[in-house]
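Quick caveat: nothing in here was measured; it's all calculated off a predicted structure.
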Amino acid sequence: MTLLKLVGLAPSEADKRLKELVNSSYNSVKVVGRGTVRIDPAEVRETEEFKKASRRAKAIVNS
């Protein structure tokens, strides 16, 4: 075990998985500060998942 792992400064397996998840999501995603994630809203609005959710929300409001 390395010294960095012993003192808790090396990334854990969970940290590595989280980093991979962030890197494989939106192109504009950036982690800033401690726990703050920024994503370009225009990029999110262009996804099929967002469009589908928007249509469902509109149907609920209009009913």
> Go through the structure and list residues passing side-chain contact (heavy atoms from CB on, under 4.5 Å) with Ile60, not counting sequence neighbours.
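side-chain contact (heavy atoms from CB on, under 4.5 Å) check on Ile60 returns nothing, list empty.
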> Looking at residues at least two apart in the chain, or sitting in another chain, which of them share a side-chain contact (heavy atoms from CB on, under 4.5 Å) with Arg38?
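Partners of Arg38 by the side-chain contact (heavy atoms from CB on, under 4.5 Å) criterion, ordered by chain and then number, come out as Val32.
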> Among Ile, Leu, Val, Met, Phe, Trp and Tyr joined by side-chain contacts under 4.5 Å, find the other residues sharing a cluster with Val61 and list them by chain and number.
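The other cluster members (ILVMFWY side chains, heavy atoms under 4.5 Å, direct or chained): none.
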> Is there a donor-acceptor pair closer than 3.5 Å between any side-chain N or O of Asn23 and the backbone N or O of Glu20?
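Here the side-chain-to-backbone pair does not exist.
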> Step by step, would you call Val29 with Val37 a side-chain contact (heavy atoms from CB on, under 4.5 Å)?
CA-CA 7 Å; Val29 70; Val37 177; 3.5 Å; yes
> Pair up each side-chain donor or acceptor in residues 39-47 with any protein partner under 3.5 Å, not counting sequence neighbours, and list the distances.
residue	atom	partner	partner atom	Å
Asp40	OD1	Ala42	N	3.3
Glu43	OE1	Ser28	N	3.0
Glu43	OE1	Ser28	OG	2.5
Glu43	OE2	Asn27	N	2.8
Thr47	OG1	Val44	O	2.8
Thr47	OG1	Phe50	N	3.2

> side-chain hydrogen bond (donor to acceptor under 3.5 Å, both in side chains): which pairs involve residues 49-63, sequence neighbours left out?
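Found Glu48-Arg55.
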> Sequence neighbours left out, what passes side-chain contact (heavy atoms from CB on, under 4.5 Å) with Ala10? Give chain and number order.
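Counting only residues at least two positions away or on another chain, Ala10 forms a side-chain contact (heavy atoms from CB on, under 4.5 Å) with Leu4, Lys5.
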> Show your reasoning for whether side-chain contact (heavy atoms from CB on, under 4.5 Å) applies to Thr36 and Val31.
CA-CA 6 Å; Thr36 302; Val31 178; over 6 Å; no
